[in-house]
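Let me give you the structure first, and then I'll get to my questions.
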Amino acid sequence: MLKRVLIANRGEIAVRIIRECMDCGVEPVAVYSIADEQALHRILAEKSVCIGSPRPQDSYLNMENIIAAAVATGCDGIHPGFGFLSENSRFAQACMDAGLKFIGPAPQVIEAMGNKSKARALMKKNGVPVVPGSDGTVASAAEAAAVAEVIGYPVLFKASAGGGGRGMRKVMEAAEAEAMFQAASLEAESCFGDGSIYVEKLIEHPRHIEFQILADSFGNVIHLGERDCSIQRRNQKLLEESPAWGIDEAIREQMGQAAVKAAQAAGYENAGTIEFVVDRDGNFYFIEMNTRIQVEHPVTEMVTGVNLVREQLRIASGLPLSMKQEDVKLTGHAIECRITAEKITEDFAPCPGRVDFIHFPAGNGVRVDSPLYTGCEISPFYDSMIAKVIVYGQTRLDAIRKMRRALEEMVITGVESTLPLQHLILFQQDFLRGNYNTGFMEENMEVLVQVYLEAGGEQGDGKSLS
Ligand code: ADP
Ligand code: ADP
Ligand code: MG
């Protein structure tokens, strides 16, 4: 096994990985920016190294400082978490060059899959269905519009380097093409330093269903079932569940096989996710591969009993997968809520500040992954996700009840969060029936916010929704 691993991240995922290292006898080394001197990930790890000032470019994106910290502390591996450098092939290469095992796939695989338009081409070549769209990127708004004419409006202009719902624009008709191309390209340039754009047909109100993959260095590739992440606001996930409700068994089987094929085609190693959109008729299309651990990985851990971060460490240590495809059985139902420090009524503006008091829910089948503690500061410099609440129940209804109870029990004071909104979703009739798609938040946001306001900005009991 790797002996000492540097965790090149912060927030809840750094905490998750540090805890895992401790649980399996690997020494964790934390890194932190000046803004994170009192952050939980730094406090938990016995060893920690300051890597720069608060701005991400100076610290959590500062490859040189991170690698120097790993070398100086005698690490043999680096876990990148998600976000930051996790899908940066140059970083993976720099780790290798410094004699450090990057806990993820090889740099060329990140390169091939991280570029979304290249990944599409690779999938198409290997018989995995992709959304109709451009072959590779388009150089101008005119070229994008020409592709759109052929596949038919509405379309999406998407950033090749995209992630986290950024650099993506819906285009309803030809007249919008020019402006939307510029908007998508500019956002992509500023977020990812790469403004290249490709075109995809807009699948109307699809479900977002993704498959968790594990692949070891011996060529074994398995999937661990799916997650439904269709509850999204502006293409960003708010709530995830596993398994996906009401998916035809034959389609689930085909999607799982396609996901494994996709990972094999990429020469994949370690944990990864294959994302699909699924239309009303059950047709599924590959949209992207995330070459890293994903925010919502705990729901898969709960229904499969597989510890994904432990598997990541094992794979990176050159050990084979601890299970075969036929050993993977999904039982029960898991749901995750991503709680962010944002103001629901102010268009989800980030709400950093001091957490005056915190109480986390607990009990049978309830898990909270969070870097918060009473008195901690939520920094304005970083992502606003502050906690993931994950529950496990025997059935979907059981899990929903448990999540309602967990969120009712949870207290965060000092900052506003999305918690009341997620609590209300758990009472919405279509959600209860499992009858929803990525259009859910757009359709329901107004009503949900109204109920929230009627409850005086406190947690409503959701009765008016059911
Ligand atoms: P995606 O939504 O990109 O398909 P995930 O569901 O794993 O993939 O979400 C990853 C997103 O989570 C990032 O793009 C980022 O917006 C957000 N995020 C949350 N915490 C962090 C963090 N510590 N560092 C970077 N990004 C984070
Ligand atoms: P990111 O890298 O930002 O996560 P994705 O390609 O995964 O970008 O897309 C994010 C979300 O946008 C998806 O989960 C889905 O809801 C929506 N989306 C992406 N592509 C399409 C499409 N072709 N048609 C309809 N919705 C899409
Ligand atoms: Mg995605």
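Atoms within a ligand are numbered from 1 in the order they appear, just like the ligands themselves. What's counted below: heavy atoms across the whole structure, side chains too, no hydrogens, waters or symmetry copies.
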- Item | Atoms of ligand 2, numbered as shown, that sit under 4.0 Å from any heavy atom of T438 |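 Reading through ligand 2 atom by atom, the close ones are 16 (O).
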
- Output the list of atoms in ligand 2 that are nearer than 4.0 Å to some heavy atom of G162, sorted by atom number.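 Near G162, meaning under 4.0 Å from one of its heavy atoms, ligand 2 has 2 (O).
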
- Identify whether the distance between the nearest side-chain nitrogen and carboxylate oxygen of R433 and D430 falls below 4.0 Å.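 Result for this pair is yes, salt bridge flagged.
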
- Q294 and E275: side-chain donor and acceptor closer than 3.5 Å?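 A pair is found: one side chain offers a donor N or O, the other an acceptor, under 3.5 Å apart.
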
- So which N/O/S atom does E275 have closest to the Mg ion (ligand 3)?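 Within E275, restricted to N, O or S, the Mg ion (ligand 3) is closest to atom OE1.
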
- Message: Tell me whether R338 is salt-bridged to E296, with the criterion being a basic N under 4.0 Å from an acidic carboxylate O.
- Response: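 Salt bridge between R338 and E296, a charged N being under 4.0 Å from a carboxylate O: yes.
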
- Item | Atom name of the N, O or S atom in E288 that lies nearest to the Mg ion (ligand 3) |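 Looking only at N, O and S atoms of E288, the one nearest the Mg ion (ligand 3) is named OE2.
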
- Query: Considering all heavy atoms of both residues, which atom of L419 and which atom of L407 are nearest to each other, and what is their separation?
  - Reply: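 Where L419 meets L407 most closely, the heavy atoms are CD2-O, 3.6 Å.
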
- Item | Enumerated ligand 2 atoms positioned under 4.0 Å from heavy atoms of G164 |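 Heavy-atom distances to G164 below 4.0 Å select 1 (P), 3 (O), 4 (O).
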
- Message: For the CD atom on E443, are there more than 12 heavy atoms of other groups (residues, nucleotides or ligands in this structure) within a distance under 6.0 Å?
- Response: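 Above 12, so yes.
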
- Task: For E253 and Q257, test the side chains for any donor-to-acceptor distance below 3.5 angstrom and give the result as yes or no.
- Result: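 Looking only at side-chain atoms, Q257 and E253 do form a donor-acceptor pair, the distance falling under 3.5 Å.
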
- Message: Could you tell me, atom by atom, which parts of ligand 2 come under 4.0 Å of a heavy atom of N235?
- Response: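 Close to N235: 11 (C), 12 (O), 17 (C).
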
- Task: Using a strict 4.0 Å cut-off to heavy atoms of H208, name the atoms of ligand 2 that fall inside it.
- Result: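 In order of numbering, the contacting atoms are 13 (C), 14 (O).
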
- Task: Output the list of atoms in ligand 2 that are nearer than 4.0 Å to some heavy atom of P206, sorted by atom number.
- Result: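 In order of number, 25 (C), 26 (N).
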
- Message: If you take the nearest heavy atom of each of G439, G165, C191, which one is closest to atom 3 (O) of ligand 2?
- Response: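 Result: the heavy atom closest to atom 3 (O) of ligand 2 is in G165.
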
- Please could you name the atoms of ligand 2 that Q232 approaches to less than 4.0 Å, counting only its heavy atoms?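 Listed by number with element, the hits are 11 (C), 13 (C), 14 (O), 15 (C), 16 (O).
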
- Message: Geometry only, no angles: is I203 polar-contacting ligand 2 at N/O separations under 3.5 Å?
- Response: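 Indeed, backbone or side chain, I203 has an N or O that close.
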
- Item | contact_flag H205 ligand 2 heavy-atom lt 4.0 Å |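 No.
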
- Item | Contacting atoms of ligand 2, where contact means under 4.0 angstrom from a heavy atom of K158 |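 So the answer, numbered in order with elements, is 6 (O), 19 (C), 20 (N).
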
- Message: Check this for me: does any side-chain nitrogen of one of R234 and E342 sit under 4.0 Å from a carboxylate oxygen of the other?
- Response: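 So R234 does not pair with E342 through a salt bridge.
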
Output a table of donor-acceptor pairs, distance under 3.5 Å, between side-chain atoms of residues 152-167 and any protein atom two or more places apart or on a different chain; print 'none' if there are none.
residue : atom : partner : partner atom : Å
K158    : NZ   : E200    : OE1          : 3.1
S160    : OG   : S117    : OG           : 3.2

- Taking heavy atoms and a distance under 4.0 Å, where does K116 meet ligand 2: side chain, backbone, both or neither?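 Contact part for K116 vs ligand 2: side chain (C-beta onward).
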
- N115 side chain to E111 side chain, donor-acceptor N/O pair below 3.5 angstrom: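 No, no side-chain donor-acceptor pair sits under 3.5 Å.
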
- Item | Minimum non-hydrogen distance to atom 22 (C) of ligand 2, winning option of L156, I287, N290 |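 Minimum heavy-atom distance to atom 22 (C) of ligand 2 goes to L156.
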
- Mind jotting down which residue pairs meet the salt bridge (Lys or Arg N to Asp or Glu O under 4.0 Å) criterion with at least one end in residues 186-195? Sequence neighbours excluded, please.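 Qualifying pairs: R169-E187.
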
